[in-house]
K.L.:
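Just passing along the structure, written as structure tokens.
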Amino acid sequence: MTKNIGIGLLGLGTVGTGVAQIINSPEGRHPLTSRVELKRIALRDSKKIRALSIPNKLITEDAWEVVEDPDVEIVVEVIGGLEPARSLILKAIKSGKSVVTANKAVIARHGEEIAEAAISSGVYVLIEAAVGGGIPIIEPLKQSLGGNIIQKVTGIVNGTTNYILTRMAKEGADYEAVLKEAQSLGYAESDPMADVEGLDAADKISILSNLAFGGPIKRASVPTKGISTLQNRDVDYANQLGYEVKLLAIAERLASNLENNSSLPLAVRVEPTLLPTGHPLAEVNGVNNAILVEGDPIGEVMFYGPGAGAGPTASAVVADILNIAGIKLMGGEKTSLDPLLSASSWRECHLAKPKEILQKNYVRLIAKDAPGVIGQIGKIFGSHNVSIQSIVQFDASEEDAEIVVITHKVFKGLLTDSLSEIQQLPEIKQIAAHLSCL
Ligand code: NDP
Ligand code: HSE
């Protein structure tokens, strides 16, 4: 009988269950699917009732048994979190096993260590499910777009927050209630703060940035703002002014020509951002994600689809498994790794200082409803070279007015300097919101 490729599954939660379901029902799928076989499965609590029945002999509560099992050739890590996930991945690599993981937290922080270990052991670590759920974006960046100079990657990369923002904007749904719903649908991280505070999106944009620009950035230094402090008022005003608000993750190069071997400056950030209605990302709703890649010579290309959930994520995990299984079955062990599939860093990159970033801004000020206030605000912005695209007054109460300013593109440093001066005006009660705009 021809040999099958043994899979060791670490985790049988939302994603692990989806993966097991695909592997156990190969009919109608690519023929390679029937050549992979679940050999061992690790979970935390073997007494838990599961959505699918798995023979007891495959199950263990000791994840190390899976990575050490000689019948396991590919380890699939869908436990999540940093440890023991990192150590299990490294152990699998050291034992000569290729790894597939959906764990963006571990890859964003320990990706370099893991990639180096994989190269020296001659194995693959594939991560398609780590960004964008079911959307193919990792392999396209590594392979299909390899001939481009990438300028910018702009993404809605967190399904939970996009689901929450959409339900709030379209139905006025309650934040806490929709978050619970996203958890019950299997979209949220085990600690959903990672979603709503933007940390998950920051992990993902760090990974995409590395692939797009060729070198890692310090994950801990990525400026990150989530949606937990976003106010309905700003979403309403943005809508009235012709914008949608989305949690965007952006990575862009700030230098077109580089001297040999000099480090590439990048602007990378995660924050709620206003997008003009009609922008392709403004129409991305619910759990869907989308990643807009701008490159030379391709221009713009957008990847769109379900960004979280069992089925879509398992689809990406299984694609990686099949990629590795195909190599193993076709060529046996190769003497060297496919350089595009294994993807290592080839350039140094660094984060630019926030004040060097050029962007449009939305600012909401609460001011005394008195003559001349808008004039004074305009004068201060002008003195800092901040050009105003629009300024609108909304009524906040009998004595107060809310003034919403949209600026043209300006260096962030000039904007923050002008806001510090505006805050000193006696008529200004509060700078109530400051969001970026595309
Ligand atoms: P779950 O919490 O649903 O599942 C985690 C699984 O890991 C559970 O089966 C749990 O066991 C098991 N587990 C946890 N710790 C251990 C341990 N120390 N030893 C053995 N088993 C352990 O998470 P998800 O499936 O949602 O997510 C898994 C990974 O996929 C995460 O990295 C996540 O970020 C990523 N991901 C998730 C997506 C999603 O939509 N959910 C989308 C894209 C990526 P038990 O069942 O007994 O508790
Ligand atoms: N919690 C993540 C999200 C899962 O909501 O996007 C997919 O990575």
Side-chain angles (χ1 to χ4, degrees), residues 8-21 40-52 54 59-67 75-89 100-109 127-135 137-138 155-166 178-179 181-205 207-208 226-227 247 249 270 284 286-291 305-317 320:
L9 188 57
L10 302 175
L12 194 62
T14 302
V15 182
T17 302
V19 171
Q21 277 167 340
R40 290 314 296 278
I41 301 177
L43 36 73
R44 207 168 14 196
D45 177 4
S46 55
K47 292 188 191 68
K48 222 188 237 180
I49 311 279
R50 304 280 159 180
L52 77 174
I54 299 272
I59 302 282
T60 172
E61 289 180 358
D62 180 359
W64 297 97
E65 273 184 21
V66 175
V67 292
V75 170
V76 178
E77 186 277 306
V78 284
I79 283 177
L82 294 182
E83 285 294 351
R86 170 184 156 274
S87 301
L88 288 163
I89 290 171
V100 173
T101 178
N103 190 334
K104 52 270 166 158
V106 106
I107 295 298
R109 289 165 185 77
I127 59 166
E128 187 58 71
V131 183
I135 305 173
I137 178 65
I138 301 288
I156 293 172
V157 290
N158 184 268
T160 302
T161 46
N162 206 47
Y163 184 77
I164 296 172
L165 287 176
T166 306
V178 196
L179 172 57
E181 213 180 290
Q183 284 178 282
S184 70
L185 289 165
Y187 302 157
E189 296 303 301
S190 56
D191 176 2
M193 285 305 108
D195 297 289
V196 298
E197 299 302 347
L199 308 175
D200 176 77
D203 289 344
K204 290 166 174 167
I205 196 66
I207 294 170
L208 294 183
I227 64 163
L247 184 68
V270 171
V284 175
V287 71
N288 289 310
N289 284 190
I291 299 113
T313 312
S315 154
V317 170
D320 281 348

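In listed order, ligands and their atoms are each counted from 1.
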K.L.:
When you measure from the side chain of T313 to the backbone N and O of A308, does any donor-acceptor pair fall under 3.5 Å?
P.N.:
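Here the side-chain-to-backbone pair does not exist.
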K.L.:
If we ignore angles and hydrogens, is there a donor and acceptor under 3.5 Å between the side chains of E181 and Y163?
P.N.:
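Yes, side-chain donor-acceptor contact under 3.5 Å.
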K.L.:
Can you find a non-hydrogen atom of S190 under 4.0 Å from ligand 1?
P.N.:
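It does not; every heavy atom stays at 4.0 Å or beyond.
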K.L.:
Less than 4.0 angstrom from a charged side-chain N to a carboxylate O is my criterion; do R40 and E65 meet it?
P.N.:
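Result for this pair is yes, salt bridge flagged.
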K.L.:
Between Q21 and T17, is there a side-chain donor-acceptor contact under 3.5 Å, judged purely by atom types and distance?
P.N.:
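Judged by distance alone, the side chains do not pair up.
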K.L.:
If hydrogens are left out, which of I127, I79, L88 has an atom nearest to atom 14 (C) of ligand 1, that is, the closest non-hydrogen atom?
P.N.:
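Comparing heavy atoms across I127, I79, L88, the nearest one to atom 14 (C) of ligand 1 lies in I79.
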K.L.:
Using a 4.0 Å heavy-atom threshold (strictly under), name the region of R50 that reaches ligand 1: side chain, backbone, both or neither.
P.N.:
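Looking at R50 and ligand 1, just side chain atoms fall under 4.0 Å.
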K.L.:
Report the part of D200 (side chain from C-beta onward, or backbone N, CA, C, O) that has a heavy atom under 4.0 Å from ligand 2; answer both or neither where that applies.
P.N.:
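Under 4.0 Å from ligand 2, D200 contributes side-chain atoms alone.
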K.L.:
Which of the atoms of ligand 2 are close to K204, meaning less than 4.0 Å from one of its heavy atoms?
P.N.:
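Reading through ligand 2 atom by atom, the close ones are 2 (C), 3 (C), 6 (O), 7 (C), 8 (O).
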K.L.:
Counting only heavy atoms, which portion of A130 has something under 4.0 Å from ligand 2: side chain, backbone, both, or neither?
P.N.:
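Neither; nothing of A130 gets under 4.0 Å from ligand 2.
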K.L.:
So is there a nitrogen or oxygen of L12 less than 3.5 Å from a nitrogen or oxygen in ligand 1?
P.N.:
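L12 vs ligand 1: N/O contact under 3.5 Å present.
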K.L.:
Is it the side chain, the backbone, both or neither of T160 that has a heavy atom closer than 4.0 Å to ligand 2?
P.N.:
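For T160, the contact with ligand 2 is made by both the backbone and the side chain.
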K.L.:
Atoms of ligand 1 less than 4.0 Å from A308 heavy atoms?
P.N.:
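Listed by number with element, the hits are 40 (O).
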K.L.:
If the threshold is 4.0 Å, N to carboxylate O, is there a salt bridge linking E189 and K104?
P.N.:
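Judged by the 4.0 Å cut-off on N to carboxylate O distance, E189 and K104 do form a salt bridge.
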K.L.:
Using atom types as modelled and distance alone, determine if a side-chain donor or acceptor of D195 lies under 3.5 Å from a backbone N or O of D200.
P.N.:
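Judged by distance alone, no pair lies under 3.5 Å.
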K.L.:
Can a non-hydrogen atom of G133 be found less than 4.0 Å from any atom of ligand 1?
P.N.:
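It does not, in that no heavy atom of G133 comes within the 4.0 Å cut-off of ligand 1.
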K.L.:
Indicate whether atom 7 (O) of ligand 1 is within a distance of less than 4.0 angstrom of some protein heavy atom.
P.N.:
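Under the 4.0 Å cut-off, atom 7 (O) of ligand 1 does have protein heavy-atom neighbours.
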K.L.:
Just which atoms of ligand 1 are under 4.0 Å from any heavy atom in D45?
P.N.:
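Reading through ligand 1 atom by atom, the close ones are 47 (O).
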K.L.:
Is it true that E61 lies under 4.0 Å from ligand 1, counting heavy atoms only?
P.N.:
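So E61 does not count as touching ligand 1.
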K.L.:
Please confirm whether the backbone N or O of G13 pairs with a side-chain atom of R50, one donor and one acceptor, at under 3.5 Å?
P.N.:
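It does not hold such a pair.
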K.L.:
Heavy-atom contact check, 4.0 Å cutoff: does G133 meet ligand 2?
P.N.:
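So G133 does not count as touching ligand 2.
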K.L.:
Return yes if some donor-acceptor pair links the side-chain N/O of R86 with the main-chain N/O of L82 below 3.5 Å, else return no.
P.N.:
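Side chain of R86 to backbone of L82, a donor-acceptor pair under 3.5 Å: no, none is there.
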K.L.:
Is it the side chain (CB and beyond), the backbone, both or neither of V15 that lies under 4.0 Å from ligand 1, heavy atoms counted?
P.N.:
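Both backbone and side chain.
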K.L.:
Looking at atom 2 (O) of ligand 1, tell me if a protein heavy atom falls under 4.0 Å from it.
P.N.:
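Given the 4.0 Å cut-off, atom 2 (O) of ligand 1 does not count as touching protein heavy atoms.
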K.L.:
In terms of atom number and element, which parts of ligand 1 are under 4.0 angstrom from non-hydrogen atoms of P84?
P.N.:
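Those of ligand 1 that fall under 4.0 Å from P84 are 18 (N).
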